[in-house]
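Okay, so here's the structure we're looking at.
Naming convention: chains lettered A, B, ... in sequence-line order (proteins, then strands); numbering from 1 in each chain.
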There are 2 protein chains.
Amino acid sequence: MARTVNEKSDVLPLIAEVFRELGYDAASLGQIGERTSLGKGSLYHFFPGGKAQMAQEVLALIDAWFVQNVYEPLETGEPRAAIAQMWRAVDVYFHAGQRVCLVGAFALDATRDRFGEPIRLYFKRWVRALESALIRGGAEPVAAAALAEEVVLGIQGALVLARALNDDTVFSRALQRLRNAVGDDAPKAVVGPRPTAS
Amino acid sequence: MARTVNEKSDVLPLIAEVFRELGYDAASLGQIGERTSLGKGSLYHFFPGGKAQMAQEVLALIDAWFVQNVYEPLETGEPRAAIAQMWRAVDVYFHAGQRVCLVGAFALDATRDRFGEPIRLYFKRWVRALESALIRGGAEPVAAAALAEEVVLGIQGALVLARALNDDTVFSRALQRLRNAVGDDAPKAVVGPRPTAS
DNA sequence: GTCTATATGGAGATAGAC
DNA sequence: GTCTATCTCCATATAGAC
């Protein structure tokens, strides 16, 4: 039996995917072992705190990704470019609607009570970062707050509906509507009739 | 020990609430027994198919409620009145954002694979019913389809965000925005100091 | 219809050899 | 770091008395 030596950074994304597909409770150590090709011994070597620690670190990993690819740009970058970057990042991250938001899924069941803080902060920072970019981009503060909330919640809702209907076109349509609502006047590939940005 | 004789119609809503709060996997028969004050014997008397049957019937119960209070009016009633009724029903049903959508929660984890059809139909009929009412109300078909999708997904997203942030005002704000998007010109309480309910 | 056993499986977790 | 064996507990589900 050829032994493969692993690092935590290699297995964590695999574990994240299991949680994303099954949810926290249905993701058994058996499943996680299969997907990572790791025995329980190795799993507990990396994560002495067991399943709860795995979820904690998965949440932290996701947060780090969003900080780098979404929040930081929105908070400190050029607003228009940062928002354009957000649309790209979101579309890539959620695999154009075929992948669910693990944090949103955790928020909806009993898992929220176990990981309340990271879940809260993930969404709070997203909304505030987008709000900040909108304001710096010239939007009125009150309108910016409402729009930021609408966008984040719209993405989550689109993921729910896309998965429920098993139809990822729901996601791309929703993303397009939200882009328009934010006022996306960047040049893009035209597909069908499109409201001209006046 | 005073025996209380129950009917299925009495216990089903209690079971629904347990599923709503915990999700399918975390809702154990132990919990369900506590909340319904029923032993496993009684539970299996009502639901020989066990937990899966309970979830099936809960889903059917929810669907029936929405058919009566939302879908039917939208499909066959006077459009403006039916849409106004939908806003009321949604606000009441989700307890102004304090209650999660069980069907949406089921859609996000492995539970979807067990109950794919009822989940799919719940959302599909909602979107189509609203679309129908919008068209009969004078909206352009293409716009109506997009708007219907936007509303249903917006409600789901609002529930996710409200629960994640533990802030139900997210839900009321989202509902108000969606009403405006649909073009709610019914007389409504003016923004500002809300008429206190108590 | 209700209850109290009880059966059985799989879950999370640990120990210790290699 | 990896594995296998094992522990304990609680899950779903059943049986049968009342």
Item to check | Distance (rounded to the nearest 0.5 Å) between A:I155 CD1 and A:F123 CZ | outcome: 10.0 Å
Checklist entry - Closer to the 5' end of DNA chain C via nearest nucleotide, is it B:L38 or A:G50? => result B:L38
Checklist entry - Looking at the side chain of A:V5, which of C:dA13, D:dG1, C:dT2 is the nearest nucleotide? => result D:dG1
Next on the checklist: Can you measure B:I32 atom CD1 to D:dC10 atom C1' for me and round it to whole angstrom units?
Outcome noted: 15 Å
Checklist entry - What does A:A27 touch in the nucleic acid at a heavy-atom separation under 4.0 angstrom: a base, only the sugar-phosphate, or nothing? => result sugar-phosphate
Checklist entry - Just how far, in rounded Å, is C1' of D:dG1 from CZ of A:F47? => result 13 Å
Next on the checklist: Closest approach to the side chain of A:Y44, judged atom by atom: which nucleotide of D:dT12, C:dT2, C:dA13 is it?
Outcome noted: C:dA13
Next on the checklist: Rounded to whole Å, how long is the line connecting atom OH of A:Y24 with atom P of C:dA11?
Outcome noted: 14 Å
Next on the checklist: What is the separation between atom CG on B:L43 and atom P on C:dC3, rounded to the nearest whole Å?
Outcome noted: 10 Å
Next on the checklist: Could you check whether any side-chain heavy atom of B:D10 comes within less than 4.5 Å of a side-chain heavy atom of B:E7, counting everything from C-beta outward?
Outcome noted: yes
Checklist entry - To the nearest angstrom, how far is A:K40 atom NZ from C:dA11 atom C1'? => result 7 Å
Checklist entry - Does the cation-pi check pass for B:R112 over B:F106, that is, NZ or CZ under 6.0 Å from the six-membered ring centre and within 45° of its axis? => result no
Next on the checklist: Rounded to whole Å, please give me the gap between CD in A:E34 and P in C:dA11.
Outcome noted: 10 Å
Next on the checklist: By the 4.0 Å heavy-atom rule, please label A:G41 as base, sugar-phosphate, or nothing.
Outcome noted: base
Checklist entry - Of all the choices, D:dG1, C:dG1, C:dA13, which nucleotide is nearest to the side chain of A:K51 once you look at every atom? => result C:dA13
Item to check | Length of the line joining B:L22:CG and D:dA11:C1', which is rounded to integer Å | outcome: 14 Å
Checklist outcome for this item: Regarding the side chain of B:L29, the nearest nucleotide among C:dG12, C:dT2, D:dT12 is D:dT12
Item to check | Derivation of the side-chain contact (heavy atoms from CB on, under 4.5 Å) call for B:L22 and A:D109 | outcome: CA-CA 5 Å; B:L22 304 178; A:D109 63 32; over 6 Å; no
Next on the checklist: What is the separation between atom CG on B:D10 and atom P on C:dG1, rounded to the nearest whole Å?
Outcome noted: 12 Å
Next on the checklist: Does A:S42 reach a base, just sugar-phosphate, or nothing at all? Heavy atoms under 4.0 Å.
Outcome noted: base
Checklist entry - With respect to the phosphate group of C:dT2, does any side-chain polar atom (N or O) of B:N6 fall under 4.0 Å of OP1 or OP2? => result yes
Item to check | Any donor-acceptor N or O pair under 3.5 Å, side chains B:E57, B:Q53 | outcome: yes
